[in-house]
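Proteins come first, then strands; the chains are lettered A, B, ... in the order of their sequence lines, and each starts at number 1.
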Protein chains: 2
Amino acid sequence: MKSEKISDAVVRRLPVYLRFLNELSRREVPTVSSQELGQKLDLNPAQIRKDLAYFGDFGRKGIGYDVSYLIEKIRQILNLDQQINVALIGAGNLGQALSNYNAYLKDNMKIVAVFDASPHKIGTQINNITIQPIDELVDTVRSNNIRIGIITVPDVEAQRVADQLVAAGIGAILNFAPTILKVPSEVRVHAADFTTDLMSLAYYLDAGKEHTEHDAKMAD
Amino acid sequence: MKSEKISDAVVRRLPVYLRFLNELSRREVPTVSSQELGQKLDLNPAQIRKDLAYFGDFGRKGIGYDVSYLIEKIRQILNLDQQINVALIGAGNLGQALSNYNAYLKDNMKIVAVFDASPHKIGTQINNITIQPIDELVDTVRSNNIRIGIITVPDVEAQRVADQLVAAGIGAILNFAPTILKVPSEVRVHAADFTTDLMSLAYYLDAGKEHTEHDAKMAD
DNA sequence: TAGATTGTTAATCGATTAACAATC
DNA sequence: TAGATTGTTAATCGATTAACAATC
C-alpha cells in the first residue's frame with residue numbers, strides 16, 4: 001500500500017474493473033489475470049496491474065487475481081462498502097430516467113431524495129420517492145447523510161443548485177447541465193453533459209467526407 | 001494550420017469553448033482573450049491558445065479572438081457546419097429523455113430516427129419521430145445519412161446494436177450502456193454510462209469520514 | 001520443476017504549462 | 001508609442017507501456 005497521489009484516470013478505471021469482475025463473479029469464474037482483463041476492457045495489462053498495485057498487493061504471482069477478493073477490495077477503495085446516499089435535483093425527463101436506475105445502482109449507491117422547483121411536481125412520487133421543493137435541499141442533504149448530488153436542472157439553475165449542495169456539505173456532484181460549475185476545491189465535480197460528448201464525436205466523422213478544405217475567402 | 005495528430009483531450013475541449021462562445025455571442029461580446037476563456041472554463045490560457053492554434057491562426061495579437069469568427073471556425077472543425085444526423089436506439093426512459101434534447105441540439109445535430117425492440121412501442125411517436133423496429137436500422141441509417149448512433153438499450157443488447165450500426169456504416173457511437181463495445185478502429189466510441197461516473201465520484205468522499213482502515217481480519 | 005503472472009522499475013510517450021518574441 | 005495578447009518553443013509534469021526479477 002503506497003500513499004502516492006492517485007490520479008483521476010486511475011480512479012475512473014476502477015468502476016470499469018469492478019463491473020467486469022462482477023460479471024465474472026456471476027459466472028463463477030474464480031480468478032482472472034491482468035491479461036484477460038486487459039483484453040476484455042481494451043486496456044494494457046501493465047496498466048491494470050499498476051492501477052491495482054497503488055492500493056495493495058491483490059494478486060498472486062503465477063495465478064492472477066482472485067475475483068471475489070478483488071471485488072471486495074475495489075469496493076472498499078471506492079467507498080462502496082458502505083451505502084452512499086445520492087440526491088437528484090431536477091425531476092424532468094432526464095431526472096426521471098436516471099431515478100429509474102436506482103435498481104441498477106447496486107453496489108450500495110442509492111438515490112434517496114429528489115428535488116424540483118416546479119410546484120405541480122412537488123409532492124408527487126417518482127420511484128417511491130416524494131419530490132421535495134428545492135428549499136428543503138440543504139436540510140434534507142444534511143439529515144439524510146447525502147454525499148453525492150446529481151444535477152439535472154436546466155442550465156441557468158445549475159450553479160444555484162450547486163451552491164446549495166455545497167452549503168449543505170455535499171462531497172461530489174455529477175452535473176448533467178452544460179455549465180462549468182464553480183465550487184470549492186474539496187468538492188469533486190464530473191461533467192456528464194451528453195451534448196458535449198455528441199459534439200466532440202462529430203469531429204471524427206470526416207473520414208467519410210474527404211476533408212474538403214477549400215479557401216472560402218480566396219477572392220481578396 | 002498544422003497537420004499534427006490532434007489528441008482526444010483537445011477535441012473534447014472544443015465543444016466547451018463553443019458553448020461559452022455562443023453565450024458571449026448572445027450577449028454581443030465582440031472579442032475574448034484566452035485569459036478570459038481560461039478563467040470562465042477553468043483552463044490554462046496557454047492550453048486554450050495551443051488548442052486553437054492546432055487548427056489555424058484564429059486570434060489577433062494584442063486583441064484576442066473575434067467571437068463570431070471563432071464560433072464559425074470551431075463549428076467547421078467539429079463538422080457542425082453541416083447537419084449531422086443522429087439515430088437513437090432504445091426508446092426507454094433514458095432514450096426518451098435524450099430525444100427531448102433535440103431542441104437543445106442546435107448547432108446542427110439532430111436525432112432523426114428512433115429504434116426499439118419492443119413491439120408495443122414500434123409505430124408510436126416520440127417527439128414527432130415514429131419509433132421503428134431494430135430490423136430497419138441498417139436501411140434507415142444508410143438512406144438517411146445517419147452518422148452517429150446513441151445506444152440506450154439494455155446492457156445485453158448493446159453489442160448487437162453496435163454491430164448493426166457498424167454494418168450500416170456509422171461513424172461514431174455514444175454508448176450509455178455499461179459495456180465495452182467492440183468495434184472496428186475507424187468507428188469512434190464514447191462511453192456515457194452515468195453509473196460508472198457515480199462510482200468513481202464515490203472514491204473522493206472519504207475526506208469527511210476519517211479513512212478508518214482497521215484490519216477486519218486481525219484475529220487470525 | 002516449468003510455466004505463468006504478478007509488482008515494480010525504467011523507458012517512452014504525450015499532454016500541460018511557462019516563457020517570450022512577434023505584433024496588433 | 002505603450003499595453004495587451006497571440007502563437008510557439010522549451011520545460012515540466014504526468015501517464016502509459018515495456019521489461020524483468022520475484023515467486024506462486
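Between B:R75 and B:D81 there is no salt bridge, since no side-chain nitrogen of the basic residue lies less than 4.0 Å from a carboxylate oxygen of the acidic one. A salt bridge is absent between A:E36 and A:K40; no separation between the charged side-chain nitrogens and carboxylate oxygens falls under 4.0 Å.
In this structure, A:Q39 places its CD atom where only 12 or fewer heavy-atom neighbours from other residues, nucleotides or ligands lie under 6.0 Å away. Annotation: A:Q83, atom CD; neighbour count of heavy atoms from other residues, nucleotides and ligands within 6.0 Å is above 12. Residue B:Q35 qualifies as open at atom CD: its count of foreign heavy atoms under 6.0 Å is 12 or below. Residue B:R12 places its CZ atom among more than 12 non-hydrogen atoms of other residues, nucleotides or ligands, all under 6.0 Å distant.
For C:dG7, one of the phosphate oxygens OP1 or OP2 lies less than 4.0 angstrom from a side-chain nitrogen or oxygen of A:Y65. Distances shown here put a side-chain N or O of B:S7 below 4.0 Å from the OP1 or OP2 atom of C:dA15.
Nearest heavy atom pair, residue A:L78 against residue B:A202, reads O-CB, 3.2 Å.
B:L70 places its CG atom 13 Å from the C1' atom of D:dT6, with the value rounded to the nearest Å.
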In dot-bracket, 5' to 3', how would DNA chain D read with Watson-Crick or G-U wobble pairs under 3.5 Å, [ ] for crossing ones and | for pairs to another strand? ..||||||||||||||||||||||
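Judged by distance alone, the side chains of A:T196 and A:D193 do bring a donor and an acceptor atom under 3.5 Å apart.
The A:R49 side chain lies nearest to C:dT6 when the options are D:dG7, C:dT6, D:dT16. When distances run from any side-chain atom of B:K61 to the nucleotides C:dA15, D:dT17, D:dT5, the shortest one goes to D:dT5.
The residue among A:I63 and A:K50 whose nearest nucleotide of DNA chain D lies closer to the 5′ end is A:K50.
Residues from residues 29-42 of chain A that place a heavy atom under 4.0 Å from any atom of DNA chain C, listed by number: A:S33, A:S34.
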